Amino acid sequence: MGRGHARGARARAAAAQQDRIDLALREFARTGQPTFGSRVDDPQLPRAPRQAVPGGDRATEPSDGRIWAAVGVDGHGLSLRSSYRDRTGDLASLDRVLMLGAVCVVVCGAGWAC
């Protein structure tokens, strides 16, 4: 599992977060209240998305184990953050353990060393 897989995982997480902020935006437009854990003008919103949203643009950014999504609405920033951790290393470790287990089954099943 290489960098391409990690980029793919981040891209999928960003796309999912964009879907969530779109849903939060629809509810905000309907009710006037932030929903689904979204916040208006969250002071913890990282700089890059904060600068992107005043014009109504959308932005996502992974930051400190979280992935942020933000969108501009009525001169404010509606943002949402979710926990995110790149699990590529965990998956690679699991692959190694499974491979080792498979080798042990073959070796023991053949009666070579058990």
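Just so it is clear, the model here is predicted, and its values are computed rather than measured.
Atoms CZ and OG1, from Arg26 and Thr31 in turn, are 13.0 Å apart once rounded to the nearest 0.5 Å. The CZ atom of Arg20 sits 12.0 Å away from atom CZ of Phe36, with the distance rounded to the nearest 0.5 Å. Interatomic distance, OG of Ser79 versus CD of Glu61, reported as 12.0 Å (0.5 Å rounding). Once rounded to the nearest 0.5 Å, the distance linking OG of Ser82 with CZ of Arg66 reads 10.0 Å. Note that CD of Gln18 and CD1 of Ile67 are 9.0 Å apart. Values are rounded to the nearest 0.5 Å.
For the pair Ala52 and Ala59, the tightest heavy-atom approach, listed with the atom from each and the gap, is CB-CB, 3.8 Å. Contact record, Gly77 with Val53: CA-CG2, 4.0 Å, taken as the closest heavy-atom pair. Considering all non-hydrogen atoms of both residues, Ala69 and Thr60 come closest at CB-CG2, 3.9 Å.
Between the side chains of Arg81 and Gln44, at least one donor-acceptor pair of N or O atoms lies under 3.5 Å.
Through side-chain heavy atoms spaced under 4.5 Å, either directly or across other Ile, Leu, Val, Met, Phe, Trp or Tyr residues, Val71 is tied to Ile21, Leu25, Phe28, Val40, Val73, Leu78, Leu80.
We find that Arg50 and Asp42 are not joined by a salt bridge, their nearest charged nitrogen and carboxylate oxygen being 4.0 Å or further apart.
In this structure, Pro34 and Arg39 have side chains that are not in contact, with every pair of non-hydrogen atoms separated by 4.5 Å or more.
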